[in-house]
Amino acid sequence: MRTPPFVLLLALLCALLAGCGVRFRDPEPGNEFFKSATVSGDLRAGATLTGAVTIAQRYSIDVAITCELRQGKQLVKPIGSEKIVALPGGTPKSTPVAVHYTYEFTVDKSGAYKFECFTPADEDNFIIREFTVR
(Lines give C-alpha, C1' and ligand atoms only; values in the text may rest on other atoms or scores of the structure.)
Protein backbone atom coordinates (compact mmCIF):
# COMPACT_ATOMS: atom_id res chain seq x y z
CA MET A 1 0.00 0.00 0.00
CA ARG A 2 1.36 3.36 -1.01
CA THR A 3 1.04 6.42 1.31
CA PRO A 4 -0.62 9.39 -0.40
CA PRO A 5 1.79 12.36 -0.94
CA PHE A 6 -0.33 14.79 1.10
CA VAL A 7 -0.04 12.49 4.16
CA LEU A 8 3.74 12.43 3.78
CA LEU A 9 3.78 16.23 3.39
CA LEU A 10 1.60 16.64 6.49
CA ALA A 11 3.85 14.30 8.51
CA LEU A 12 6.95 16.23 7.37
CA LEU A 13 5.34 19.56 8.31
CA CYS A 14 4.43 18.26 11.78
CA ALA A 15 7.97 16.98 12.32
CA LEU A 16 9.45 20.32 11.28
CA LEU A 17 7.15 22.29 13.57
CA ALA A 18 7.90 19.99 16.50
CA GLY A 19 11.64 20.45 16.10
CA CYS A 20 11.89 24.14 15.26
CA GLY A 21 12.20 25.34 18.84
CA VAL A 22 8.84 27.11 19.07
CA ARG A 23 7.60 27.35 22.67
CA PHE A 24 4.02 28.10 23.59
CA ARG A 25 4.59 28.85 27.27
CA ASP A 26 6.24 31.56 29.33
CA PRO A 27 10.03 31.42 29.38
CA GLU A 28 11.83 30.39 32.53
CA PRO A 29 12.82 33.30 34.77
CA GLY A 30 16.33 34.59 34.32
CA ASN A 31 18.45 35.67 31.41
CA GLU A 32 22.10 35.70 30.46
CA PHE A 33 23.05 37.86 33.49
CA PHE A 34 20.49 36.97 36.18
CA LYS A 35 20.27 33.21 36.65
CA SER A 36 17.83 32.76 39.52
CA ALA A 37 15.85 34.52 42.23
CA THR A 38 14.17 32.94 45.23
CA VAL A 39 12.23 34.04 48.29
CA SER A 40 12.28 31.81 51.36
CA GLY A 41 11.07 31.94 54.92
CA ASP A 42 7.70 31.89 56.67
CA LEU A 43 5.51 33.75 54.18
CA ARG A 44 3.50 35.61 56.83
CA ALA A 45 3.17 39.35 57.40
CA GLY A 46 5.89 40.57 59.75
CA ALA A 47 8.09 37.46 59.38
CA THR A 48 11.68 37.75 58.18
CA LEU A 49 12.06 36.61 54.57
CA THR A 50 15.21 36.01 52.56
CA GLY A 51 15.51 37.08 48.94
CA ALA A 52 18.37 35.45 47.03
CA VAL A 53 19.67 36.27 43.58
CA THR A 54 22.33 34.50 41.52
CA ILE A 55 24.21 36.32 38.78
CA ALA A 56 26.56 35.09 36.07
CA GLN A 57 29.30 37.73 35.70
CA ARG A 58 31.22 37.42 32.45
CA TYR A 59 31.80 41.07 31.56
CA SER A 60 34.93 43.21 31.76
CA ILE A 61 32.99 46.08 33.39
CA ASP A 62 31.48 46.55 36.83
CA VAL A 63 27.73 45.97 36.83
CA ALA A 64 25.41 47.51 39.42
CA ILE A 65 22.27 45.65 40.49
CA THR A 66 19.32 46.77 42.57
CA CYS A 67 16.76 44.52 44.28
CA GLU A 68 13.35 45.77 45.35
CA LEU A 69 10.10 44.58 46.88
CA ARG A 70 7.13 45.45 44.67
CA GLN A 71 3.40 44.96 44.77
CA GLY A 72 2.30 45.01 41.16
CA LYS A 73 4.25 47.92 39.65
CA GLN A 74 4.27 49.81 42.96
CA LEU A 75 7.59 49.99 44.81
CA VAL A 76 7.06 48.82 48.41
CA LYS A 77 10.69 49.23 49.51
CA PRO A 78 14.26 48.87 48.29
CA ILE A 79 15.90 45.65 49.46
CA GLY A 80 19.53 46.02 48.42
CA SER A 81 22.08 47.15 45.85
CA GLU A 82 25.42 45.70 44.86
CA LYS A 83 28.27 46.39 42.48
CA ILE A 84 29.43 43.22 40.76
CA VAL A 85 33.12 43.72 39.95
CA ALA A 86 34.42 43.32 36.43
CA LEU A 87 35.75 39.98 35.27
CA PRO A 88 39.30 40.70 34.01
CA GLY A 89 39.39 39.94 30.30
CA GLY A 90 35.69 39.07 30.33
CA THR A 91 33.62 38.89 27.16
CA PRO A 92 30.05 37.80 26.45
CA LYS A 93 31.49 34.37 25.53
CA SER A 94 33.65 34.03 28.67
CA THR A 95 32.92 31.32 31.19
CA PRO A 96 30.66 33.05 33.73
CA VAL A 97 31.58 33.42 37.39
CA ALA A 98 28.58 32.79 39.66
CA VAL A 99 27.85 35.55 42.18
CA HIS A 100 25.22 35.04 44.87
CA TYR A 101 23.62 37.64 47.16
CA THR A 102 21.00 37.27 49.88
CA TYR A 103 18.90 39.96 51.52
CA GLU A 104 16.66 39.77 54.58
CA PHE A 105 13.46 41.81 54.61
CA THR A 106 9.96 41.83 56.05
CA VAL A 107 6.56 42.44 54.51
CA ASP A 108 4.05 44.32 56.66
CA LYS A 109 0.76 43.22 55.04
CA SER A 110 -0.57 40.10 53.38
CA GLY A 111 -0.88 40.07 49.59
CA ALA A 112 0.88 39.25 46.34
CA TYR A 113 4.43 40.62 46.02
CA LYS A 114 7.45 40.53 43.74
CA PHE A 115 11.13 40.26 44.59
CA GLU A 116 12.68 42.04 41.61
CA CYS A 117 16.34 42.56 40.76
CA PHE A 118 17.58 44.57 37.79
CA THR A 119 20.54 46.47 36.40
CA PRO A 120 19.84 50.23 36.66
CA ALA A 121 21.94 50.86 33.54
CA ASP A 122 19.54 48.64 31.55
CA GLU A 123 16.22 48.02 33.30
CA ASP A 124 15.27 45.52 30.58
CA ASN A 125 17.83 43.22 32.25
CA PHE A 126 15.93 41.86 35.27
CA ILE A 127 14.56 38.87 37.13
CA ILE A 128 11.37 38.63 39.16
CA ARG A 129 10.18 36.09 41.73
CA GLU A 130 6.50 36.39 42.68
CA PHE A 131 5.28 35.24 46.09
CA THR A 132 2.26 35.58 48.34
CA VAL A 133 2.29 36.60 51.99
CA ARG A 134 -0.52 35.37 54.24
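- Distance check: F34 CZ to R129 CZ gives 13.5 Å after rounding to the nearest 0.5 Å.
- Remark: T95 pairs with no residue by the side-chain hydrogen bond (donor to acceptor under 3.5 Å, both in side chains) rule, at least two apart or across chains.
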List the steps, then state whether side chain to side chain contact (heavy atoms under 4.5 Å, CB included) holds for F33 with V63.
CA-CA 10 Å; F33 186 71; V63 180; 3.5 Å; yes
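- Considering only heavy atoms from C-beta on, P92 comes within 4.5 Å of Y59 through its side chain.
- Between the CZ atom of R58 and the CG atom of L87 there is a distance of 9.5 Å, given to the nearest 0.5 Å.
- Panel note: side chain T91, backbone K93; a donor-acceptor pair is recorded below 3.5 Å.
- With sequence neighbours excluded, no residue satisfies side chain to side chain contact (heavy atoms under 4.5 Å, CB included) with P78.
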Show which side-chain atoms of residues 64-74 pair as donor or acceptor with protein atoms under 3.5 Å away, not counting sequence neighbours.
residue, atom, partner, partner atom, Å
E68, OE1, R70, NE, 3.0
E68, OE1, R70, NH2, 2.8
R70, NH1, K73, O, 2.6

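- V53 and V97 end up in different hydrophobic clusters when Ile, Leu, Val, Met, Phe, Trp and Tyr side chains are linked at under 4.5 Å.
- Considering only residues two or more places apart in sequence or on other chains, D124 meets the side chain to side chain contact (heavy atoms under 4.5 Å, CB included) condition with D122.
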Exercise answer: donor-acceptor pairs, residues 98-115 side-chain atoms, under 3.5 Å, sequence neighbours excluded:
residue, atom, partner, partner atom, Å
H100, ND1, T54, OG1, 2.8
Y103, OH, E82, OE2, 3.3
Y113, OH, K109, O, 2.7

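- Here the CZ atom belonging to F118 is positioned 11.0 Å from the CG atom belonging to N125, to the nearest 0.5 angstrom.
- When all heavy atoms of S94 and G89 are compared, the closest pair comes out as OG-O, 3.9 Å.
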Tell me which donor-acceptor pairs under 3.5 Å the side chains of residues 39-48 have, and how far apart each pair is, sequence neighbours excluded?
residue, atom, partner, partner atom, Å
D42, OD1, R44, NE, 3.3
D42, OD1, R134, NH2, 3.3
D42, OD2, R44, NE, 2.5
D42, OD2, R44, NH2, 2.6

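- Side-chain atoms of D62 come within 3.5 Å of backbone atoms of A86 as a donor-acceptor pair (strictly under, hydrogens ignored).
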